[in-house]
Amino acid sequence: MTAASPAQAFALLHRPGDPLVLPNAWDYASAALLAAHGFPAVATTSLGVAAVHGLPDGQEATRDQAVALAGLLTRLPVLVTVDAENGYSDDPAKVAELVATLRDLGVAGVNLEDGKPDGTLRDVGHQREILAAACGQGVFVNARTDTCWLGTGDTLERAEAYALADGLFVPGLTDPEAVAAVVAATPRPLNVLYQPGGPSVAELAAAGAARISMGSLLYRAALRTALATVLELRGEPAPALPTAAEIVRMLAEPR
């Protein structure tokens with residue numbers, strides 16, 4: 001990748017101790033609004049994209065929708081990184097093809113997780129093969145491990161195994177001491193997920209995080225605001241912020 005490439009520009013935003021705060025969009029309008037307010041980069045959220053289209057999240061059902069949205073968002077004056085679930089395939093060649101397609105659309109980064117549709121983790125060696133195929137395509141590859149999310153597997157083992165990627169993402173990792181331990185275990189910039197009620201951006205920065213993502217939070221907050229607005233007309237109190245699990249339960253089953 002050249003110094004002028006979207007991937008290189010995106011990589012430079014990952015600064016341990018001074019992290020990139022990365023909001024996640026679910027459609028063109030949400031991304032355009034974020035870009036208009038000065039965010040240098042915008043990610044997509046697989047849950048939001050799935051929900052918009054009435055499809056299940058994390059079930060390899062939204063590849064076409066994710067690619068189509070990426071093509072729209074790269075028209076905006078903002079760097080774009082795509083939440084591509086697990087690459088929508090167990091075949092490294094097909095994942096590499098997806099990443100190349102996103103690169104050709106102007107995408108700066110891609111997020112690839114090791115979680116499987118059945119709620120288990122991919123074999124470490126298999127995931128390394130997929131990451132190896134995705135790397136070298138001119139896109140910043142963020143290797144996500146769902147060890148904390150699913151409560152299984154060894155986070156530090158996977159942090160070491162995924163060091164061939166450009167970045168490491170561990171959603172569910174919230175304790176600042178645990179964040180610092182993972183930072184020390186990998187040469188790659190660490191991405192964590194912001195959670196309301198959890199550590200502040202300043203606390204995560206002090207622990208060494210280089211990127212803080214919003215995940216589905218903004219999409220869920222938008223749903224809460226919409227529902228609160230109409231419930232107010234009926235004299236009813238504002239609802240709680242819906243959880244990701246609640247949104248997932250509303251989505252269609254895989255076909």
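Taken together through direct or relayed side-chain contacts under 4.5 Å among Ile, Leu, Val, Met, Phe, Trp and Tyr, L22 and W149 form parts of separate hydrophobic clusters. Side-chain heavy atoms closer than 4.5 Å link hydrophobic residues (I, L, V, M, F, W, Y) into clusters, and following such links, even through other members, never connects L168 to L193. By the rule that hydrophobic residues join a cluster once side-chain heavy atoms approach within less than 4.5 Å of another member, L102 and L72 end up as members of one cluster.
The local environment of CD in E232 is sparse, with at most 12 non-hydrogen atoms from other residues, nucleotides or ligands closer than 6.0 Å. For Q195, the CD atom sits in a packed shell: over 12 heavy atoms of surrounding residues, nucleotides or ligands are nearer than 6.0 Å.
Distance alone, capped at 3.5 Å, places no donor-acceptor pair between the T186 side chain and the V183 backbone. A donor-acceptor pair under 3.5 Å links the side-chain atoms of S5 to the main chain of Q8, judged by distance alone. At distances below 3.5 Å, at least one donor-acceptor pair connects side-chain atoms of E203 with backbone N or O atoms of S200. At least one donor-acceptor pair under 3.5 Å links the side chain of N24 to the backbone N or O of M214. Checking side-chain atoms of T44 against main-chain N and O of D83 turns up a donor-acceptor pair under 3.5 Å. At least one donor-acceptor pair under 3.5 Å links the side chain of R103 to the backbone N or O of Q137.
Atom NE2 of H53 and atom CG of L251 lie 12.0 Å apart (nearest 0.5 Å).
A salt bridge is absent between R144 and D114; no separation between the charged side-chain nitrogens and carboxylate oxygens falls under 4.0 Å. Taking 4.0 Å as the cut-off between side-chain N and carboxylate O, D90 and R122 count as a salt-bridged pair.
Taking each heavy atom of D27 and L73 in turn, the nearest pair found is O-CD2, 4.0 Å.
Using a 4.5 Å heavy-atom threshold, the side chains of R188 and D166 count as separate. Annotation: side chain of R211 is in contact with side chain of T81 (closest heavy-atom distance under 4.5 Å). Between T155 and C148 there is a side-chain heavy-atom pair separated by less than 4.5 Å. A heavy-atom distance below 4.5 Å is not found between the side chains of L98 and S89. Side-chain atoms of L131 and V141, non-hydrogen and from C-beta on, do get closer than 4.5 Å to each other. Proximity of W26 to L69: side-chain heavy atoms (C-beta onward) are nowhere separated by under 4.5 Å.
Relative ring orientation between F140 and F10 is described as perpendicular, the plane-to-plane angle rising above 60° on a 0-90° scale split at 30° and 60°.
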